[in-house]
Amino acid sequence: MERFKFLRFFSFRTQLDFLPCSNPVRENLINGATTDTNGEHRDGFFSNLVDGFLRRFKSGKKIDGSSKTEEEEKVYSWLYALARSEIYMAFEYVRSTERGLSFTEAEKRLKENGPNTPLEYTFPSSWHLLWSAFFHPFNIILIVLSALSYITSDNPNGCIMLILVFISVSLRFYQEYGSSKAAMQLSEYVRSPVKVQRCAGRVVQTELIVQVDQRDVVPGDIVIFEPGDLFPGDVRLLTSKHLVVSQSSLTGESWPTEKTADAREDRSTPLLELKNICFMGTNVVSGTGTGLVVSTGSKTYISAVFSTIGKHKPADSFEKGIRHISYVLVGVMLLVVTIMILGALAMAMERCIVKSLSAIRDMGSMDILCIDKTGTLTMNRAIMVNHLDSWGAPREKVLHFAFLNSYFKSDQKYPLDDAILAFVYTNGYRFQPSKWRKTDEIPFDFMRRRVSVILETESNPEVRNIQPFYRFIITKGALEDVLKVCSYVENVDMGEITAVSAEHHHRILNVVEELRNEGLRIIGVAIKNLQQTKISKQNMENEDDVESDMVFLGVIAFFDPPKDSAKEALWRLAEKGVKAKVLTGDSLSLAIKICKEVGIRTTHVTTGPELEQLNQEAFHEKVKKATVLARLTPSQKLRVVQSLQSVGNHVVGFLGDGINDSLALDAANVGISVDSAASVAKDLADIILLEKDLNVLVAGVEQGRLTFGNTMKYIKLSVIANLGSVISLFIVTLALRFEPLTPIQLLVQNFLYSVGQIAIPWDRMEEDYVKIPQKWSVKSLPMFILWNGPVCTLCDVATLLFVWFYYSSGGKLDESFFRSAYFIQGLLMQTLIFHLIRTEKIPFIMEIASWPVLASTVVISAIGIAIPFSIIGHFMGFTDLPLSYFGFLVVLFVGYFTVGQIVKRVYIMVYKKWL
């Protein structure tokens with residue numbers, strides 16, 4: 001490779017083996033000064049140890065997305081410093097030379113820096129995950145109660161509680177383990193052999209080109225790359241020739257980016273648009289070059305922005321509420337006999353795979369859905385819509401030559417070529433390509449951004465405006481690059497060719513600007529007559545001579561149309577209180593056009609570069625108002641989601657399918673992807689759609705609110721029934737001086753009650769409930785318990801008084817008789833209370849539960865009533881009950897529903913006023 005003369009003065013040309021382990025240049029660039037006021041260095045082992053220990057007791061910084069992480073800031077500073085510097089300074093920054101590293105130095109740096117893997121994040125071990133799953137308030141409660149059960153010889157209850165703990169820990173461990181593995185999938189995109197230039201020899205060093213594994217590349221290596229190669233780290237370009245790089249893994253944009261080593265950048269250029277910096281995980285589309293590896297492993301850009309994958313999401317209000325109640329229950333643990341854990345509700349959703357059952361519940365609370373434009377709102381394919389001359393009028397000749405170019409080009413055909421061919425075939429054009437013969441081709445490259453074919457034909461007087469010539473060149477490509485090689489423009493109406501003037505150029509740009517504002521993608525078409533006597537093989541080798549003095553014919557317009565179902569689906573989501581925000585890496589004008597087509601308001605829009613310039617408060621305000629956010633990087637998508645969650649207090653869903661969406665998918669309350677998505681995106685998603693259709697999400701939102709509502713019913717029922725039962729057992733035990741129920745009787749009662757609740761997921765919700773997002777309210781459950789809990793206890797005490805005064809003999813009450821009566825009353829109370837709390841209306845009159853719930857109520861009640869009269873009941877210590885007792889129960893439950901309805905209405909009025 002080309003050597004740089006000025007580097008010959010540096011002494012580390014042959015003494016790289018003795019370089020220091022640290023890199024003070026990099027430290028100063030990204031960290032600044034690191035000494036305190038006394039001049040003492042802060043990087044000592046003891047300081048770090050104490051600081052790390054004390055950090056555990058500090059309140060963590062709230063992640064709101066308004067600023068970059070510390071790791072990102074360091075990476076940004078380092079890469080911008082290299083992008084602004086000359087090449088010789090880049091070598092000095094990474095302590096390397098134009099010859100490359102010696103093998104000894106490379107091995108030394110590999111030991112210091114470790115393998116070149118994209119993430120340094122230490123994933124928790126299996127034991128750590130198991131301990132985290134085990135150490136949960138509910139589990140601790142159950143374990144303590146299980147121990148108490150074993151101590152009191154209540155072995156069946158103790159065994160059941162331990163089984164519940166085992167199931168809870170197993171499920172949580174499985175989910176956490178699967179989540180922590182997701183980020184490891186990133187290594188699949190960067191593992192490949194790399195050509196590296198290194199030097200060997202003690203006296204006279206020789207430059208060698210060797211092939212090493214990507215994991216063995218170190219900072220300071222010089223890499224050689226060609227089409228198809230992946231960059232093994234963040235690279236500062238040294239040389240480049242027609243170099244074009246695909247950054248779709250980071251930006252999500254399908255169009256590649258041109259890179260050049262000669263560029264000098266400044267801080268105003270967005271990081272991913274730096275021309276002389278290439279990033280780990282991106283790949284070469286065309287061209288060749290060499291580059292200096294400046295960052296590897298955890299210090300690369302891809303590692304910095306993806307380092308949050310596998311870490312915990314911020315707890316939403318539902319999880320915080322559950323945790324809060326868990327600690328409240330710890331305080332009253334000694335009064336609690338049994339507490340039911342909120343179990344996982346198995347739901348089946350049409351046309352999607354549910355990986356996380358809690359995601360269905362969160363969809364019920366979701367009030368903002370962030371979606372990518374490509375493939376979600378649009379069909380994700382190019383459709384040709386028009387062929388216009390330089391005056392903006394439709395011209396068949398423009399289409400004719402564009403078709404010939406696409407038909408005869410042997411280079412890789414792009415979607416735009418397929419769109420042109422499809423337009424011609426489906427609209428009945430007869431351009432007869434069999435009459436043409438290709439003699440040569442100048443293939444497309446991303447430096448020229450155009451492709452040319454040279455065709456021959458016999459003179460054809462039937463074809464309008466084609467003179468009797470035998471050879472011509474047809475060029476099509478990016479408009480700006482086609483105009484560069486055009487000296488003439490054709491005026492079809494006047495039948496003449498004139499030189500391109502400033503007026504012509506301005507008019508063409510105005511026509512194109514109007515088309516682009518409509519969301520259309522534009523390419524230019526040009527043609528040139530080639531005289532056979534003046535064109536030779538030697539001339540053909542010079543692309544600039546052949547592609548010059550051409551005649552500009554016009555433009556071809558393409559469109560990625562919106563899906564027919566998108567507008568209806570977005571309207572249905574808005575009707576249910578879910579606002580849509582478009583987060584895309586595409587251009588703003590294209591995103592606005594699509595959003596207008598599908599009914600998304602575009603009053604407030606912004607771009608990634610604009611967000612970078614805002615302070616914290618302005619960032620949050622802009623994110624709050626904007627409905628279209630374009631040209632976003634992966635980290636910016638993450639910050640937008642975090643801002644909506646923390647500052648806006650929203651439950652956010654994110655629909656994405658690319659590697660660039662992984663950060664946002666991981667951070668969102670509900671991560672949604674599709675079956676055709678990248679493996680990392682599917683691993684991090686909570687829900688995978690089998691088809692990319694927003695109507696599936698509408699059904700998901702409805703199902704999520706149904707799940708949320710039924711979950712809340714279960715929580716209220718469990719807390720009220722169990723807490724009321726515990727208080728009642730305590731009062732009855734003090735009054736009667738014997739156990740109201742034996743352990744086996746209590747176990748059977750709890751078992752029947754639990755079986756009866758299996759039908760809850762199939763219960764219906766009121767129509768008004770599913771129309772708006774449902775969120776956990778910290779105030780609602782304590783207030784609900786305070787108002788409704790005492791009513792259950794009063795019914796139990798009323799049963800005690802009735803049995804005592806009506807069936808006692810000589811002041812003594814038969815234990816078997818009371819236990820039989822208390823068993824039936826308690827089971828019926830716990831079974832029927834569900835119908836009171838499931839609706840704000842009058843149960844059984846204004847609102848009736850679903851038939852599975854009704855059937856469950858009838859069956860469990862019948863079994864509970866029958867048990868004391870059966871042989872099994874007699875074996876358990878029960879006895880027969882008189883008919884008069886059941887008359888009392890009818891009166892009791894009528895009174896309970898009456899009083900409960902009054903209390904419920906008063907509670908609703910007070911609670912709403914309190915809010």
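Side chain of Tyr80 to main chain of Leu271: a donor-acceptor pair is present (N/O by atom type, distance under 3.5 Å, no hydrogens or angles). In this structure, the side chain of Gln247 does not engage the main chain of Thr257 through any donor-acceptor pair within 3.5 Å. Not a single donor-acceptor pair under 3.5 Å links the side chain of Thr296 to the backbone N or O of Val218. In this structure a side-chain-to-backbone donor-acceptor pair under 3.5 Å is present from Arg109 to Pro219. Under a 3.5 Å cut-off, the side chain of Asn283 and the backbone N or O of Asp229 do not form any donor-acceptor pair. Using modelled atom types, no side-chain atom of Lys275 and backbone atom of Arg264 make a donor-acceptor pair closer than 3.5 Å. Distance alone, capped at 3.5 Å, places no donor-acceptor pair between the Ser77 side chain and the Lys74 backbone.
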Given the rule in the side-chain contact (heavy atoms from CB on, under 4.5 Å) test, do Leu230 and Gln214 qualify, once you have shown the distances and angles that lead to the verdict?
CA-CA 9 Å; Leu230 286 168; Gln214 165 264 330; over 6 Å; no

Evaluate the criterion salt bridge (Lys or Arg N to Asp or Glu O under 4.0 Å) for residue pair Arg639 and Glu612; output intermediate values, then yes/no.
CA-CA 11 Å; Arg639 292 168 56 197; Glu612 287 293 328; 3.1 Å; yes

With side-chain contact (heavy atoms from CB on, under 4.5 Å) as the criterion, how do Met280 and Asn116 come out once you've worked through the C-alpha distance, each side chain's angles and the decisive distance to 0.1 Å?
CA-CA 10 Å; Met280 186 180 198; Asn116 179 27; 3.5 Å; yes

Working note: Thr239 + Thr290, criterion side-chain hydrogen bond (donor to acceptor under 3.5 Å, both in side chains); need CA distance, chi angles, decisive distance, verdict.
CA-CA 5 Å; Thr239 62; Thr290 60; 2.6 Å; yes

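Counting heavy atoms from C-beta outward, Arg236 and Phe91 have side chains that stay 4.5 Å or more apart. Counting heavy atoms from C-beta on, the side chains of Leu663 and Lys637 never come closer than 4.5 Å. Contact of the Val212 side chain with the Val217 side chain is registered, since non-hydrogen atoms from C-beta on lie closer than 4.5 Å. The shortest side-chain heavy-atom distance between Val196 and Pro232 does not fall under the 4.5 Å cut-off.
Among residues two or more places apart in sequence or in another chain, the salt bridge (charged side-chain N to carboxylate O under 4.0 Å, His left out) test is passed with Asp234 by none. Here Thr269 pairs with Glu265, Asp266, Glu273, Leu274 under the side-chain contact (heavy atoms from CB on, under 4.5 Å) rule; sequence neighbours left out.
In this structure, Glu107 does not pair ionically with Arg198, as no charged nitrogen and carboxylate oxygen lie closer than 4.0 Å.
Listed here is the closest heavy atom pair of Tyr301 and Val75: CA-CG1, 3.8 Å. Shown here for Phe231 and Phe279, the closest heavy-atom pair between the two residues is CB-O, 3.5 Å. Across all non-hydrogen atoms, the minimal contact from Leu243 to Val284 is CD1-CG1, 3.8 Å.
Checked against Leu238 for a side-chain contact (heavy atoms from CB on, under 4.5 Å), the options Asn276, Val223, Leu292, Ile224 give a single hit: Leu292.
Side-chain atoms of Ser635 and Thr633 include a donor-acceptor pair closer than 3.5 Å.
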